[in-house]
Each structure stands twice: as structure tokens, then as C-alpha cells.
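Whatever order the structure lists ligands and atoms in, that order sets their numbers, starting from 1.
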Amino acid sequence: MRHIISPNDLSLSELDALLNLAEDIIKDPDKYSDACHRKRLATLFYEPSTRTRLSFEAAMLNLGGTVIGFSSAESSSAAKGESIADTIRVVSHYADICVIRHPKEGAPYVASLHSKIPVINAGDGGHNHPTQTFTDLLTIKNLKGRFENLTVGFCGDLKFGRTVHSLLEALSRYPNIRFVLISPDELRIPAYIKEKILDPNNVPYEEVRSLEAAIPDLDILYMTRVQRERFFNEEDYIRLKDTYILNSKKMALAKEDMLVLHPLPRVNEISYEVDDDPRAVYFQQAKFGVYVRMALIMMLLRECEGRSLC
Ligand code: NCD
């Protein structure tokens with residue numbers, strides 16, 4: 001049984017197949033409107049979500065399937081003290097595939113150990129968010145045309161930002177990729193990402209503080225919000241939350257074909273004036289999320305039927 005807990009749970013060739021399938025869906029969505037007839041997706045969300053949950057639901061409905069689920073821990077039996085292991089044992093009888101978001105790192109992995117259906121991690125604490133990464137990769141493939149020979153800047157909360165951790169892991173597999181990690185000292189990427197992902201893959205990276213100084217070199221700028229819910233102390237959050245604000249003045253320093261991505265939600269870190277810049281692609285990125293999730297659901301269910309993933 002295949003589960004998607006981290007982005008590299010798909011091999012490079014499986015990832016390629018996923019993105020190609022997503023692009024085929026973009027070309028002719030009607031061709032897939034019955035692909036998951038009589039199949040059911042369960043969405044178990046123990047943390048708030050707009051895009052991830054609704055795009056998964058839209059994806060399953062677009063494929064002719066159905067959806068059940070809950071959108072907060074308070075409305076599930078977690079509020080009564082049920083373990084995730086027990087919840088997934090039960091949900092395995094109600095659905096064919098399941099998506100889990102949880103504030104605790106590793107919770108979807110624990111669920112996968114007790115599950116009879118594929119589990120997809122939709123964000124576990126400050127750890128990983130593989131389907132956001134697939135969305136980001138489809139955006140880059142579609143709008144930039146390549147993953148290699150890119151200088152990618154990550155800016156904001158690199159410590160708690162799970163979308164950053166997953167995208168760094170996925171992009172580290174491509175040749176000639178270089179990262180510029182832009183953050184205040186308190187929000188630098190965790191040591192384990194350097195030790196387990198960047199160093200073993202010999203990926204060049206630098207850690208800097210100034211967005212203005214870094215932006216002229218970038219092919220992609222991945223902006224993130226400061227993850228308030230992961231802070232222990234509100235004062236630190238308030239002190240750090242507006243460290244970076246991308247505005248038209250800073251965009252004027254960037255390459256003409258640099259892309260600005262953001263997993264959303266945006267709080268203050270991108271001024272509204274940037275939205276009209278053709279290089280700002282974060283709303284297009286959210287649209288790509290539906291297609292890549294359609295492709296992922298199809299591939300995982302296909303594998304359950306004993307067919308190969310790609
Ligand atoms: C992200 C998340 O939940 O990690 N959002 C998303 O899924 N699109 C990023 C965030 O919340 O800042």
C-alpha cells in the first residue's frame with residue numbers, strides 16, 4: 001500500500017508521470033470526469049485549511065468520486081481523546097483513500113501504519129507538505145519549463161514552513177539547482193534539512209538576511225508567511241512577522257522572468273500592488289493544485305487496483 005508522507009515518496013520517474021498526467025488533465029479535464037466513479041475520498045483535517053482541503057475535494061468531485069470528512073479536530077472524536085490510529089482503522093472501512101492534516105509532526109505517518117487505504121499527508125506540523133510541493137512543481141514546470149539550472153530563493157519562515165521543507169527536498173534531486181535561504185536568524189531552516197537533504201545531495205546554498213540583496217539573482221522567489229501557530233510566544237511572532245514585505249520597489253530589482261510563488265494564505269508579506277505584476281503567479285499556483293491532486297488520487301487508486309503507479 002503506497003502512502004504519500006514526504007515528497008520523495010514518489011521516485012523521479014513517478015513524479016514525472018504525475019506532472020505529465022496533471023498537464024494532460026489541464027488539456028482535457030472532461031476525459032477524466034468519470035475516472036473515480038464509485039470511489040470515496042476522506043478528508044481528515046485537524047488543522048485549518050482552505051486551499052488544500054477544498055482543492056482535494058474539488059479534485060475528487062471532478063473525477064466523479066465522492067467526499068466525506070471533517071475540517072477541525074473539535075468536530076471529530078479527537079476531541080474525546082481518540083487516537084489517530086483508531087480513527088484511521090475506522091475510516092479505512094468508509095473510504096478508498098484519505099488525506100490527513102495534523103498539527104503534530106509525524107501524525108499522518110503513524111496513521112499510515114494502521115491504514116488499509118492510501119494516506120496522503122496534507123501537512124504535518126512544521127514538517128512536510130508533499131502535495132503543496134507537487135503543486136509548486138507543476139507551477140514551475142508549466143510556467144518555467146524546467147527544474148534544473150535554477151536559483152531558487154526561499155524567503156520568510158524557513159524554520160516552521162513545511163512547504164519550504166518539502167520543496168527543498170524535492171528540488172534537491174535536480175541538477176544545477178542553487179538555493180538562497182532568506183530569513184531572520186531566528187527563522188533559519190532546521191539543521192536536519194541541511195544534514196539530511198542539502199549536504200548529502202551537494203546542493204549549493206547560502207543563508208542570507210536581505211531580500212533586496214538576494215532578489216536580482218533569483219529565477220524563482222518562494223515567499224512564505226511567518227507561521228504564527230507554531231510560535232511559543234506571541235511577542236516573538238509580532239517582532240518577526242513583518243521582516244519581509246515584497247513590494248513593487250523590490251520587484252523592480254528582480255529579473256524580468258523571475259516567478260513569485262507563495263503557498264498562500266498571504267498575510268502581510270506580499271503587498272497587494274505586486275498582484276498585478278505578471279511575475280506574481282501565486283493565484284495560478286493555487287489553480288494548479290486541483291489538477292495535481294486529481295492526478296495523485298488517480299495514480300494511487302490505480303495502484304490499489306494492482307496496476308502500476310504510472
Ligand atoms: C500552507 C500550509 O498549510 O502549510 N498553506 C497551504 O497548504 N497552501 C502554508 C501556510 O499555511 O502558510
Visitor: Should Arg101 be listed as contacting ligand 1, given a heavy-atom distance under 4.0 Å as the test?
Guide: yes
Visitor: Would you call the rings of Phe160 and Phe231 parallel, tilted or perpendicular if under 30° counts as parallel and over 60° as perpendicular?
Guide: tilted
Visitor: Is it true that Arg230 and Glu47 have a side-chain N and a carboxylate O under 4.0 angstrom from each other?
Guide: yes
Visitor: Is there at least one pair of N or O atoms, one from Pro265 and one from ligand 1, spaced under 3.5 Å apart?
Guide: no
Visitor: Quick check on contacts: which atoms of ligand 1 are under 4.0 angstrom from a heavy atom of Thr52?
Guide: 6 (C), 7 (O)
Visitor: With Asn142, which of Gln284, Glu23, Gln285 fulfils side chain to side chain donor-acceptor pair (under 3.5 Å)?
Guide: Glu23
Visitor: Out of all atoms in ligand 1, which are within 4.0 Å of some heavy atom of Pro263? Include the element for each.
Guide: 8 (N), 9 (C)
Visitor: What orientation do His165 and Tyr192 show, parallel under 30°, tilted 30 to 60°, or perpendicular over 60°?
Guide: perpendicular
Visitor: Please lay out, stage by stage, how Asp185 and Glu207 fare under the test side-chain contact (heavy atoms from CB on, under 4.5 Å).
Guide: CA-CA 9 Å; Asp185 286 342; Glu207 295 185 275; over 6 Å; no
Visitor: Is there a polar contact between ligand 1 and His129, counting only N or O atoms under 3.5 Å apart?
Guide: yes
Visitor: Please report the C-alpha distance between Tyr46 and Phe70 in whole Å, then the side-chain angles of each, then the deciding distance to 0.1 Å, and finally whether the ring-ring contact (aromatic ring centres under 6.0 Å, His included) criterion is met.
Guide: CA-CA 8 Å; Tyr46 297 84; Phe70 54 80; 5.2 Å; yes
Visitor: To check your reading of the model: name the closest protein heavy atom to atom 6 (C) of ligand 1, its residue, and the distance in Å.
Guide: Leu264 O, 3.5 Å
Visitor: To check your reading of the model: name the closest protein heavy atom to atom 11 (O) of ligand 1, its residue, and the distance in Å.
Guide: Arg225 NH2, 2.9 Å
Visitor: If you measure from each heavy atom of Thr224 to ligand 1, is any distance below 4.0 Å?
Guide: no
Visitor: Decide, yes or no, whether a salt bridge links Arg228 with Glu234 under the criterion of side-chain N to carboxylate O below 4.0 Å.
Guide: yes
Visitor: Considering only protein heavy atoms, which is closest to atom 4 (O) of ligand 1, and at what distance to one decimal place?
Guide: Arg162 NE, 2.7 Å
Visitor: Polar contacts were defined as any N/O atom of the residue lying under 3.5 Å from an N/O atom of the ligand; does this apply to Glu229 and ligand 1?
Guide: no
